[in-house]
Structures are given as structure tokens and as C-alpha cells.
Engineer: 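The structure's right below; bear with me while I get my questions together.
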There are 2 protein chains.
Amino acid sequence: MKISDAEWEVMRIVWNKEPRTAAEVIQELSEPQGWNHRTIRTMLGRLVEKGALDYQVAGHKYLYSAAIEQEACVRVRSESFLSKVFGGDTSALVAHFVEDADLSPDQIKTLRRLLSSKKRSK
Amino acid sequence: MKISDAEWEVMRIVWNKEPRTAAEVIQELSEPQGWNHRTIRTMLGRLVEKGALDYQVAGHKYLYSAAIEQEACVRVRSESFLSKVFGGDTSALVAHFVEDADLSPDQIKTLRRLLSSKKRSK
DNA sequence: CCGAAACTGCTACAAACGTAATCAATTTAC
DNA sequence: GTAAATTGATTACGTTTGTAGCAGTTTCGG
């Protein structure tokens, strides 16, 4: 199942806190994305069609919740990104983001520790 | 200018070595991707239209070369990926890829060093 | 209790995409 | 030298995506 870029924004809102009414999703997205509420409703509908969202009927409204796990989706998308943009070279990818990022000393420390533990585990 | 997923594969071939004839690109892609040569020719055409590729006429053939830099495209795509999939949290992104990857001790060392230099530069 | 607002379902529609086929010119292989 | 293969140009076509509008129903404010 392929989730488009725009749809991904909707999924992020729902993953972030479940369940959600359409109104909530609209509230979170219409301003920042400049989307008409109908656009968002369409995406909610399509995501249900695609099986990415479930809903429960609550009175006259729907309560949407994710039908697929964020972790799994992130993994799939990440893999495809890695292979397409960095030719599968994780090390190049990581270097690119690290160079470009504005990381706090704490974050740096954590990442260095993660790398160390990675080494040890081999 | 937006380069689609399939087009990206073509761009990668051209970036990798320039210039390229259509036949060369076709040779590199048709097998691994299972694409008909016509499909690839279509993409070459569209990429020229989009301004992502240039070509020189060499006799009856074209010699394609990139009109946009890989570095810049990678940056754009990476930014969008970062914000869409990891909500802009580089640290989370890096952690994800590091955890998932199979890095050699050398790569790990290099990355750790990169992180250190990052810290110092602040 | 009634009109406005909100909800979901259906419909719309152009642009982009993936995936080619056809065509005309040309080059190449025999 | 002629038939086959190649090349780029043009055309095709179903699907997905972005971006909504309209219809019919329900609910809420007054």
C-alpha cells in the first residue's frame, strides 16, 4: 500500500494521537498546510479505502485510528529513500544528515553512544 | 522541479557517469527495473522537458547529461523526507538508520569522528 | 422547532506518473 | 541495397494525486 506525501501528513497526525475525529485532523493540518477541509476529508477517505486508517462510528462522526503501524511505514519508506537517494549506502546517508543538521551536544552524545554500542554488538 | 521515483533512477545513472546515450541508460536500467526501453526513453524525454537533463546531438543520437546537480537534488529530497517521515527530527532519523544498518567498524569510526567534529564546531 | 453548520459519501477534474505503442527518419547488418 | 533494428517525437491510456464541490443527513444554537 502506497501512502502519498500529502496522505503521510494525515497519518502523522493520527499516529501522534489516536483516535482522531476529522475535525481534529483538519484543525491540525488546514492552517499549516493551507489545505481546504474538503481536501483533508478526501484524504481521510482514501486512507480508509487503502486500509491505512480504520474508523469507529461515534454518533454521527467517525473516530479515525491507524490501521498500520507507524514503525513499519517508516521502515518501508526509509528503505526506499535509502536505496533511491543514497544508493543503499547508509553511511553516506547518515553523514549527509549529520553534516546538515543542527544537533545539540546531547543529541550528538547519544548518537555517538549508539554507534559505539553498534560496534560492540558485532 | 519534481523528479518522480522512476525518473530518479534514470538521473542516478546519468549522474554516475556523464554523458550517456539512451542506449546506455537503457542497458543499465531495463534489466534490473524490468522496464521496457520505451518507458526509459519516455523518462529521458520528460527529464529533458523538466530541465533535469540536457543533451547534445551526436549524429543521430543524443548524449544526455545532468542539468541539475545531484548534491542539490539529494538535499531537497532529503529535507522533505526528514520532515515528512521523521517530523524534522534529524537525530531520530539518524538513530533509525544506524540501528537498522549493517555498518563496518570503519564506517562507525568515521561517523563517530564526524559527530565529534560537529560538537567541536559549535 | 428551525435554520445553519458540520458530517460523511459521491463526484469532478486536471496534472503527474507509469508504462508503453506508433511513426517517421535513419542507420546498420547482411 | 534492402530489410531489420534503432532513435527520437508524438500519442495513448489507466491510475494516482492534489484539490476540491455538491448532496443528503444530522446535529446544535437559539
Side-chain angles (χ1 to χ4, degrees), chain A residues 1-14 19-65 67 73 76-77 80-81 83-84, chain B residues 1-14 19-65 67-68 73 76-77 80-81 83-85:
Chain A
M1 165 209 337
K2 176 136 181 346
I3 294 169
S4 81
D5 280 4
E7 287 164 359
W8 191 271
E9 295 295 335
V10 173
M11 290 306 293
R12 291 206 345 116
I13 300 298
V14 177
R20 296 275 201 168
T21 63
E24 283 170 329
V25 177
I26 288 165
Q27 187 155 35
E28 300 245 9
L29 285 178
S30 64
E31 278 297 309
Q33 303 285 335
W35 288 339
N36 188 291
H37 73 107
R38 298 180 190 291
T39 301
I40 298 170
R41 283 177 204 288
T42 297
M43 290 192 289
L44 285 168
R46 286 184 185 166
L47 285 166
V48 169
E49 257 178 50
K50 288 187 181 183
L53 289 179
D54 274 337
Y55 64 88
Q56 292 175 297
V57 179
H60 177 50
K61 302 178 188 180
Y62 283 3
L63 279 177
Y64 295 93
S65 45
C73 291
V76 166
R77 238 185 129 103
S80 134
F81 172 75
S83 82
K84 197 163 307 293
Chain B
M1 166 208 339
K2 177 136 180 349
I3 294 169
S4 80
D5 280 4
E7 288 164 358
W8 191 271
E9 296 295 335
V10 173
M11 290 306 293
R12 287 200 356 111
I13 299 299
V14 177
R20 297 276 203 168
T21 63
E24 285 171 330
V25 177
I26 288 165
Q27 187 156 33
E28 299 245 9
L29 285 178
S30 65
E31 278 295 310
Q33 302 285 334
W35 287 342
N36 187 291
H37 73 106
R38 301 181 186 291
T39 301
I40 297 172
R41 285 177 202 286
T42 297
M43 289 193 289
L44 285 168
R46 285 185 184 165
L47 285 166
V48 169
E49 256 179 50
K50 287 187 180 183
L53 289 180
D54 275 337
Y55 64 87
Q56 291 175 295
V57 178
H60 178 51
K61 303 177 188 180
Y62 283 5
L63 280 176
Y64 295 93
S65 46
I68 53 183
C73 291
V76 167
R77 236 185 131 102
S80 135
F81 172 75
S83 82
K84 199 162 307 292
V85 179

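Because the structure is a prediction, the values reported are computed rather than measured. Each chain gets a letter, A, B and so on, in the order its sequence line appears, and its residues count up from 1. As a basis for the values below, the full set of heavy atoms in this structure was taken, side chains included, without hydrogen atoms, waters or symmetry mates.
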Engineer: Just the rounded figure in Å: distance from P of C/dT19 to CD of B/E7.
Structural biologist: 12 Å
Engineer: Which heavy atom of B/T21 sits nearest a heavy atom of B/Y64, and at what distance?
Structural biologist: C-CD1, 4.3 Å
Engineer: Which nucleotide of DNA chain D is the first, and which the last, in the 5' to 3' direction, to come under 4.0 Å of a heavy atom belonging to chain B?
Structural biologist: D/dT7 to D/dA12
Engineer: Which value, rounded to the nearest 0.5 Å, describes the distance between A/L29 atom CG and A/T39 atom OG1?
Structural biologist: 11.0 Å
Engineer: Nearest 0.5 Å, please: how far is CG in B/L47 from CE in B/M1?
Structural biologist: 9.0 Å
Engineer: Across nucleotides 1-12 of chain C, 5' to 3', mark each nucleotide with B, S or - according to how protein heavy atoms within less than 4.0 Å reach it.
Structural biologist: ------BBS--B
Engineer: If I compare all heavy atoms of B/A67 with all of B/G51, which pair ends up nearest, and what's the gap?
Structural biologist: CB-O, 3.3 Å
Engineer: I want to check one thing: is the phosphate of C/dG18, taken as OP1 and OP2, less than 4.0 Å away from some side-chain N or O of B/W35?
Structural biologist: no
Engineer: Please indicate whether A/K84 has more than 12 foreign heavy atoms, meaning atoms of other residues, nucleotides or ligands, lying under 6.0 Å from its NZ.
Structural biologist: yes
Engineer: List for me each residue that meets side chain to side chain donor-acceptor pair (under 3.5 Å) alongside B/R38, sequence neighbours excluded, and say none if there are none.
Structural biologist: none
Engineer: Measure from the side-chain N and O atoms of B/K50 to the backbone N and O of B/K2, and report whether any donor-acceptor pair falls under 3.5 Å.
Structural biologist: yes
Engineer: Counting only heavy atoms not in B/Q27 (residues, nucleotides, ligands), do more than 12 fall under 6.0 Å from its CD?
Structural biologist: no
